[in-house]
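Reminder, nothing fancy here: chain letters follow the sequence lines and each chain counts from 1.
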Number of protein chains: 2
Amino acid sequence: MSKSETKNLSYVVYEELKSEILGLELVPGQAISENEICKKFNVSRTPVRDALWRLQEQGFVATMPYHGTYVTKLNMSEIKQLIYMRIAVETNVICDFIDITTPMILEDVRYMIRKQEAIILEKDFTPEMFYQLDLQMHAVWFEVTGMMKIWEIIQDAQVHYTRFRKLDFETETNFARIIKDHKRIFEMIQNKDKVGLAEVLKEHLSYSIERMKPHIEINYKDYFEDSFEA
Amino acid sequence: MSKSETKNLSYVVYEELKSEILGLELVPGQAISENEICKKFNVSRTPVRDALWRLQEQGFVATMPYHGTYVTKLNMSEIKQLIYMRIAVETNVICDFIDITTPMILEDVRYMIRKQEAIILEKDFTPEMFYQLDLQMHAVWFEVTGMMKIWEIIQDAQVHYTRFRKLDFETETNFARIIKDHKRIFEMIQNKDKVGLAEVLKEHLSYSIERMKPHIEINYKDYFEDSFEA
DNA sequence: CAGTGGTCTAGACCACCGA
DNA sequence: CGGTGGTCTAGACCACTGG
């Protein structure tokens, strides 16, 4: 075998562990030991600690000093808060966007929505592809209004939500519904209807979590920290 | 000298560098080399890299691979975006707070405002003391509405703003004005006046940056990345 | 080229945890 | 007690940058 297309041990370790966490091979709550990983990948502690540090930053694992490192459980309250934050911010951003957008930009958005419609018909379609397009579109208003830093912060904070969405893949996602939302948002923007927009956006961003809730309580309860109040 | 009340080299290095950056002994844009720091503190690269990594996370330094590590300049656009985000989120949070707060909680807030008034009269008063109280008070609505995660995210994102505020100390801050704002916000909450609140809060959170702008353009221009458009 | 950070090793010793 | 992570050393070699 040709070896060494690796280039970076800590990155390899990081990617592998992350993939195993997202793929639920390492389940929320499970312990992972530094030394085990060292042996498994046949590397010293340095790259392993590097990888774990990155995973910790992103919230995939948590380390209890002198005790162990664990795959984090999902936290429904945090996910809800992130959505709340995103609704608050994005509503404002789109309102500003409405005031300054141009026909050229609106054409870009329309094009993006069309791409979304097209991609779900591809034969090698994967949900991940759709979510990339989704992100691109939502990024537009932040871009145009000069709020990319905010968009970055939201994205960084959203990792828990990303894992949540991975569970979603295991059930099913109604992409047609999402696209319909996008079209409604687009309409509101065209009509400069800020009040209607606020409603639609809120519904749109809250949608997946509301829909997933029953699935979760049945199939994934152990993957969550909290029981389901509020 | 008694040595070794240190406990943690990387922490010592981190604290010292951070303090030098906030105190402007290391000025924005200045280069700092890993090896220099190793010599200066007489430690190996590991704790130094650890410290630099933390500083980088918080945005105090930036590393250009194979080139050098530099104290970051402040970015006025980012600061403005963070304030924008905070206004958007905090307005929503306070509105929710208004709906669920109780007389007990309101008394807590009133008490906090009184403390603010009292502390600026102390003889050993420092601005930092005031800002601690200020943070405590703003945290209340996030706490009560179950949005502490959002508050954490905002705080983490606000480091640039913190450095900005340090410049503010070098000019002067009108604490009486801030307290007056707080009282107005408190009134709005009592009266459940959400519309008025949105206005006052926006003004309150935008205040320092607006006031500081002229000072900055004269005294601290070199500490900022960008010129001052928008 | 010399200097910087990027990465990694192979140890070492310590502090804390639970059984 | 043994296992875990927490920290650190003193090197090493590599990859890229700038002059």
Practice task
Keeping the roles fixed (side chain from A/Q81, backbone from B/I150), state whether a donor-acceptor pair exists under 3.5 Å.
Solution key: yes
Completion exercise
Of A/D50 and A/H67, the one whose closest nucleotide on DNA chain C sits nearer the 5' end is A/D50
Practice task
Would you indicate what A/L52 reaches in the nucleic acid, counting non-hydrogen atoms under 4.0 angstrom: base, sugar-phosphate, or nothing?
Solution key: nothing
Problem - B/Y131 six-ring face occupied by B/R165 cation (under 6.0 Å, within 45°) - result: yes
Practice task
Go through DNA chain C in 5' to 3' direction and return only the first and the last nucleotide with some atom under 4.0 Å of chain B's heavy atoms.
Solution key: C/dG3 to C/dT7
Handout entry: Test: A/K73 and A/E78 ion pair at under 4.0 Å
Key = no
Fill in the blank from the handout: The residue, A/T46 or A/G68, whose nearest nucleotide of DNA chain D is more 5′ is A/G68
Handout entry: Backbone of A/H215 reached by a side-chain donor or acceptor of A/N219 within 3.5 Å
Key = yes
Problem - Closest-nucleotide ordering on DNA chain C, the 5'-leading residue of A/Y66 and A/N42 - result: A/N42
Handout entry: Charged N-O contact under 4.0 Å between A/E128 and A/K166
Key = yes
Handout entry: Residue-phosphate contact under 4.0 Å: A/T69 side-chain N/O, D/dG5 OP1/OP2
Key = yes
Exercise for the section: With heavy atoms under 4.0 Å as the rule, sort B/S44 into base, sugar-phosphate or nothing. Expected result: base
Exercise for the section: Assign A/T63 to base, sugar-phosphate, or nothing according to its heavy-atom contacts below 4.0 angstrom with the strands shown. Expected result: sugar-phosphate
Handout entry: Pair A/E36 + A/K39: basic N to acidic O under 4.0 Å
Key = no
